[in-house]
Amino acid sequence: MIEKANVLLVGCGGIGTIAALNLELGAKATVTAVLRSNYEHVKANGFSIKSVDHGQVEGFRPSIMRNTMPDVAKEQLPPYKYIICTTKNIPDVSPTVAEIIKPAVTPGHSIIVLMQNGLNIEKPIFSAFPDNIVLSGVSFCGSHQIGLGQIVHEDDDELYVGAFRNPSQDPAVEDKAAAEFVEIYGAGGKCKPEHNPNVGFSRWRKLLYNACLNSLCAVTDLDTGRIQMADGAVENLVRPAMEEIRSAAKACGHDLPAELVDFMITMDPITMYNPPSMQVDLRNGRFCEYENICGEPLKEARARGVPMPTLTVVYYLLKAIQWRTKEKKGLIPIPAPEDHTVQK
């Protein structure tokens with residue numbers, strides 16, 4: 001009997017639930033899932049999943065469910081081989097990803113899988129856990145939680161896995177860990193994850209969608225169908241932003257083919273009327289991932305002298321919106337209004 005990999009999955013929303021389902025289905029992993037707002041509902045009822053890959057799945061539960069982060073040392077738990085993070089990555093709001101997972105990480109043993117969006121997300125993880133392998137998971141999945149425990153998964157699960165190069169690790173060992181994770185994830189036969197060592201290319205490629213279409217849908221509150229129909233939005237906003245990403249990626253050594261621009265713009269059929277993740281977050285009054293998705297590519301471009309006029313405006317719009325959200329949540333101290341009426 002093959003020993004199953006002990007996996008911790010942090011964040012069981014749309015992407016995380018499909019990841020847990022794939023891992024459990026392949027029978028090469030035992031998944032402990034950390035749930036938050038949906039914990040009580042899923043504990044009682046399981047997940048209801050409508051999936052393009054898995055069909056209709058009712059009552060799915062990961063092997064172990066928790067509403068708190070495991071503390072391996074204090075609870076004397078077996079160490080986790082993989083710690084998969086599918087939560088939103090919001091470095092400007094505490095707690096950060098590194099702070100969240102710290103109690104569960106076994107130094108030198110746990111392989112941290114960042115199945116999250118954006119650029120340079122590995123840097124704070126390297127700083128916090130210098131002795132651990134860190135993998136990149138770039139997911140094109142189209143999965144959303146539309147209600148407590150209700151998952152709609154509309155796009156085939158494409159997952160590109162590679163190792164972030166940690167200076168303290170052996171690249172051959174990192175690549176082996178990535179290949180093994182791909183094998184475990186795809187063992188159920190419902191998806192075809194790919195080991196792609198060129199992590200930079202994969203992440204810049206997805207930024208064509210996330211930094212541009214995702215962000216612009218968020219600030220305009222137009223879904224991917226309506227933004228294609230809106231007068232001038234694609235040609236004067238989306239396409240220029242994508243070309244800026246292509247230029248920045250090229251300056252960083254990643255040549256994204258020109259045809260990817262039209263592919264990303266039309267990837268979601270108009271009549272799907274798909275609201276991307278950042279738009280959903282803003283509609284629900286949640287924080288958004290603007291720093292890693294827009295801010296980091298902007299920094300990389302500036303460092304190489306690549307102008308990004310469209311994305312600069314989008315970034316600062318999102319930064320202002322994030323400030324507004326912080327104020328609403330009581331994280332920004334606002335002086336009380338004064339009486340400025342003129343006294344006669």
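Since the model is a prediction, treat every value here as computed from it, not as a measurement.
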Student: Quick one: does R203's side chain have a donor or acceptor within less than 3.5 Å of a partner on G118's backbone?
Tutor: yes
Student: Assess, by modelled atom type and distance only, whether the side chains of D92 and Q322 contain a donor and an acceptor separated by less than 3.5 Å.
Tutor: yes
Student: Taking only Lys NZ, Arg NE, NH1 and NH2, and the carboxylate oxygens of Asp or Glu, determine whether D157 and K192 approach each other closer than 4.0 Å.
Tutor: no
Student: I293, L317: one ILVMFWY side-chain cluster at the under-4.5 Å cut-off?
Tutor: yes
Student: Search all heavy atoms of T17 against all heavy atoms of G13 and return the closest pair with its distance.
Tutor: OG1-O, 2.6 Å
Student: Does the T86 side chain pair with the main chain of G11, one donor and one acceptor, at a distance under 3.5 Å?
Tutor: yes
Student: Below 4.5 Å, heavy atoms only, C-beta onward: do T32 and S63 meet side chain to side chain?
Tutor: no
Student: Could you check whether the rings of F164 and F126 sit parallel, tilted or perpendicular, using 30° and 60° as the cut-offs?
Tutor: perpendicular
Student: With a sphere of 6.0 Å drawn around CG of D170, does it hold more than 12 non-hydrogen atoms of other residues, nucleotides or ligands?
Tutor: yes
Student: Side chains of M267 and Y209: closer than 4.5 Å at any heavy-atom pair?
Tutor: yes
Student: Would you mind checking if E296 and K299 are paired as a salt bridge, meaning a charged N to carboxylate O distance below 4.0 Å?
Tutor: yes
Student: Would you say the side-chain atoms of Q145 pair up with the backbone N or O of G149, donor to acceptor, closer than 3.5 Å?
Tutor: yes
Student: Does a donor on one side chain sit under 3.5 Å from an acceptor on the other, for Q279 and D221?
Tutor: yes
Student: Would the distance check show the side chain of N196 and the main-chain N or O of V161 forming a donor-acceptor pair, the cut-off being under 3.5 Å?
Tutor: no
Student: Checking L318 against C294 for the side chain to side chain contact (heavy atoms under 4.5 Å, CB included) test, could you report, in this order, the C-alpha distance in whole Å, the side-chain angles of both residues, the deciding distance, and whether it holds?
Tutor: CA-CA 9 Å; L318 287 167; C294 288; 3.9 Å; yes
Student: Nearest 0.5 Å please: distance from the CE atom of M264 over to the CG atom of L256.
Tutor: 8.5 Å
Student: Would a 4.5 Å heavy-atom cut-off, applied to side chains only, mark Q116 and T87 as touching?
Tutor: yes
Student: Give the cluster check for I84 versus L135: same hydrophobic cluster or not, with ILVMFWY residues linked at side-chain heavy-atom distances below 4.5 Å.
Tutor: yes
Student: May I ask you to test the E154-S143 pair for a side-chain heavy-atom distance under 4.5 Å?
Tutor: no
Student: Identify which one of T224, I227, V238 satisfies the side chain to side chain contact (heavy atoms under 4.5 Å, CB included) criterion when paired with I265.
Tutor: V238
Student: Looking only at heavy atoms, which two atoms of A177 and Y82 are closest? And how far apart?
Tutor: O-OH, 3.8 Å
Student: Decide yes or no for I151 and K50: does some side-chain heavy atom of the first lie under 4.5 Å from some side-chain heavy atom of the second?
Tutor: no
Student: Evaluate the criterion side chain to side chain contact (heavy atoms under 4.5 Å, CB included) for residue pair I112 and V105; output intermediate values, then yes/no.
Tutor: CA-CA 8 Å; I112 301 167; V105 176; 4.3 Å; yes
Student: May I ask you to decide if P130's main-chain N or O and S168's side chain share a donor-acceptor pair within less than 3.5 Å?
Tutor: yes
Student: Minimum heavy-atom separation for H109 and N132, please, with both atom names.
Tutor: N-ND2, 3.8 Å
Student: Compare every heavy atom of R61 with every heavy atom of A44, then report the nearest pair and how far apart it is.
Tutor: O-NH2, 2.9 Å
Student: So, are E243 and R246 salt-bridged, with charged N and O less than 4.0 Å apart?
Tutor: yes
Student: Out of curiosity, K326 NZ to I321 CD1, how far, rounded to the nearest 0.5 Å?
Tutor: 13.0 Å
Student: Measuring from atom OG1 of T68 to atom CZ of R36, what distance do you get when rounded to the nearest 0.5 angstrom?
Tutor: 13.0 Å
Student: Is there a side chain to side chain contact (heavy atoms under 4.5 Å, CB included) between C12 and F47? Walk through the geometry before answering.
Tutor: CA-CA 10 Å; C12 227; F47 283 102; 3.9 Å; yes
Student: Mind running salt bridge (Lys or Arg N to Asp or Glu O under 4.0 Å) on E122 and R165 for me, showing each step along the way?
Tutor: CA-CA 9 Å; E122 74 282 7; R165 292 303 181 206; over 6 Å; no
Student: Checking side chain to side chain contact (heavy atoms under 4.5 Å, CB included) against L298, which of V314, L119, V306, T312 comes through?
Tutor: T312
Student: Does L222 belong to the same Ile/Leu/Val/Met/Phe/Trp/Tyr cluster as M278, with side-chain heavy atoms less than 4.5 Å apart forming each link?
Tutor: yes
Student: State whether D71 and K102 are salt-bridged, where the test is any N-O pair (Lys NZ or Arg NE/NH1/NH2 against Asp/Glu carboxylate O) under 4.0 Å.
Tutor: no
Student: Quick one: do the S277 and N214 side chains pair a donor with an acceptor below 3.5 Å?
Tutor: yes
Student: Testing the 3.5 Å rule here: is there a donor-acceptor pair between the side chains of N22 and H54?
Tutor: yes
Student: Any chain of hydrophobic side-chain contacts (each under 4.5 Å) joining V113 to I133?
Tutor: yes
Student: In the structure I gave you, are the side-chain heavy atoms of L23 and K28 within less than 4.5 Å of one another anywhere?
Tutor: no
Student: Under the 3.5 angstrom rule, does the side chain of H41 hit a backbone N or O of L148 as a donor-acceptor pair?
Tutor: yes
Student: For the residue pair F140 and Y160, categorise the inter-ring angle as parallel (less than 30°), tilted (30 to 60°) or perpendicular (more than 60°).
Tutor: perpendicular
Student: Hey, could you give me the OG1/CG distance between T266 and L213, rounded to the nearest 0.5 Å?
Tutor: 10.0 Å
Student: Decide yes or no for N120 and E300: does some side-chain heavy atom of the first lie under 4.5 Å from some side-chain heavy atom of the second?
Tutor: yes
Student: In terms of side-chain heavy atoms, does S51 have a donor or acceptor partner in H153 at a distance below 3.5 Å?
Tutor: yes
Student: Is there a donor-acceptor pair closer than 3.5 Å between any side-chain N or O of K328 and the backbone N or O of G285?
Tutor: no
Student: Should V72 and F129 be counted in the same cluster of Ile, Leu, Val, Met, Phe, Trp and Tyr side chains packed under 4.5 Å apart?
Tutor: yes
Student: Kindly give the heavy-atom pair with the smallest separation between G162 and H195, and that separation in Å.
Tutor: CA-CD2, 4.3 Å
Student: With a 6.0 Å cut-off (strictly less than), is the heavy-atom count around CZ of R286, excluding the residue itself, greater than 12?
Tutor: yes
Student: Side-chain contact, heavy-atom cut-off 4.5 Å: V42 with L35?
Tutor: yes
Student: Answer yes or no: is there a donor N or O on one side and an acceptor on the other, between the side chain of S215 and the main chain of N210, under 3.5 Å?
Tutor: yes
Student: State, without any angle test, whether S48 and E58 hold a side-chain donor-acceptor pair at a distance under 3.5 Å.
Tutor: yes
Student: Check this for me: does any side-chain nitrogen of one of R66 and E75 sit under 4.0 Å from a carboxylate oxygen of the other?
Tutor: yes
Student: May I ask you to decide whether K176 forms a salt bridge with E180, counting only side-chain N to carboxylate O separations under 4.0 Å?
Tutor: yes
Student: Are E289 and N89 close enough that a side-chain donor and a side-chain acceptor fall under 3.5 Å?
Tutor: no
Student: Please say which of N67, L9, L8 ends up in a side chain to side chain contact (heavy atoms under 4.5 Å, CB included) with V34.
Tutor: L8
Student: Where do Y80 and A104 come nearest, in terms of heavy atoms and distance?
Tutor: CD1-O, 3.9 Å
Student: Before giving the answer on side chain to side chain contact (heavy atoms under 4.5 Å, CB included), spell out for F287 and D281 the whole-Å C-alpha distance, their side-chain angles and the decisive distance to 0.1 Å.
Tutor: CA-CA 6 Å; F287 296 119; D281 288 337; over 6 Å; no
Student: Quick one: is the NZ or CZ of R226 closer than 6.0 Å to the six-membered ring centre of Y273, and within 45° of its axis?
Tutor: yes
Student: Is it the case that the side chain of E99 and the backbone of T96 share a donor-acceptor pair, with hydrogens and angles ignored and the cut-off at 3.5 Å?
Tutor: yes
Student: Do the side chain of N274 and the main chain of P276 share a donor and acceptor less than 3.5 angstrom apart?
Tutor: no
